[in-house]
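Heads up, the thing below is written out as structure tokens.
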Amino acid sequence: ATSPEPAGTFAQAGSNGGVGGAGAGTGAGAGGATPAAAGGGFPSSARPEDIIAQLEAEVHELRNLLAQKDQRIAELSRADAKEGRLKKDMRLLAGELRSARRQLSERGRTWQEERRQLLEAIAQLQSATDAGSQQVAGSSDSLYMSGVSTPGGNAAAGEGGSRG
């Protein structure tokens, strides 16, 4: 099978085209210099089978290079997609964090208000209890002073002194 391109096209494209050159590994010498690249064509003494084999090797190598470059492009595209997805996720998480902070702040304010109301209610109950205790204590003091019996049957005014 012959190629429609001139004989020097593959060799020239491969020698300028990338990692290791097109002739690397084909026995054409170090650095990818092929007879086609060096002299502009294959020597007339070269057998057509050798030329075809060399061109097929160059085509195979170029396809491998293109496949590697396509693979690298795909990797970079995936990395870009991952980066974009991560950025989107970070924006969403930041929004959720702000929302959670707002809710926490509101709950804290609500808790503080309820705590303040509870402390006020406790203080009112204590003052009411203290006022009631003082009224009860004041009335029992007046009963004690007047000599009225307290619950338990004892007279408050010197009952123990009359017994003998």
Taking atom types as modelled, find out whether R109 and S105 have a side-chain donor-acceptor pair closer than 3.5 angstrom. yes
Assess the residue pair E75 and R78 against the criterion (side chain to side chain contact (heavy atoms under 4.5 Å, CB included)); give the C-alpha distance rounded to whole Å, side-chain angles, the decisive distance to 0.1 Å, and a yes or no. CA-CA 5 Å; E75 289 172 1; R78 283 192 299 271; 3.3 Å; yes
Rounded to the nearest 0.5 Å, what separates atom CD1 in I73 from atom CG in D80? 11.5 Å
Could you walk me through whether R47 and I51 satisfy the side chain to side chain contact (heavy atoms under 4.5 Å, CB included) test, starting with their C-alpha distance in whole Å, then the side-chain angles of each, then the deciding distance to 0.1 Å, before giving a yes or no? CA-CA 6 Å; R47 293 186 347 210; I51 294 171; over 6 Å; no
Atom CD of E106 and atom CG of L104: how far apart are they, to the nearest 0.5 Å? 10.5 Å
NZ/NE/NH1/NH2 to OD/OE distance under 4.0 Å, R116 and E120: yes
Evaluation steps, salt bridge (Lys or Arg N to Asp or Glu O under 4.0 Å), between E83 and K87: CA-CA 6 Å; E83 180 182 345; K87 285 182 179 180; 3.3 Å; yes
So does A123 get a backbone contact from the side chain of S127, meaning a donor-acceptor N/O pair under 3.5 Å? yes
For L65 and Q68, what are the C-alpha separation, side-chain angles and deciding distance, and is it a side chain to side chain contact (heavy atoms under 4.5 Å, CB included)? CA-CA 5 Å; L65 288 173; Q68 289 174 354; 3.9 Å; yes
Rounded to the nearest 0.5 angstrom, the CG-CG distance for L97 and L92 is 12.5 Å
Interatomic spacing from CG in L118 to CD in E113 - rounded to 0.5 Å: 11.5 Å
Between CD of Q103 and CD of E96, what distance do you get to the nearest 0.5 Å? 10.5 Å
Approximate separation, where rounding is to 0.5 Å, of R115 CZ and T110 OG1: 14.5 Å
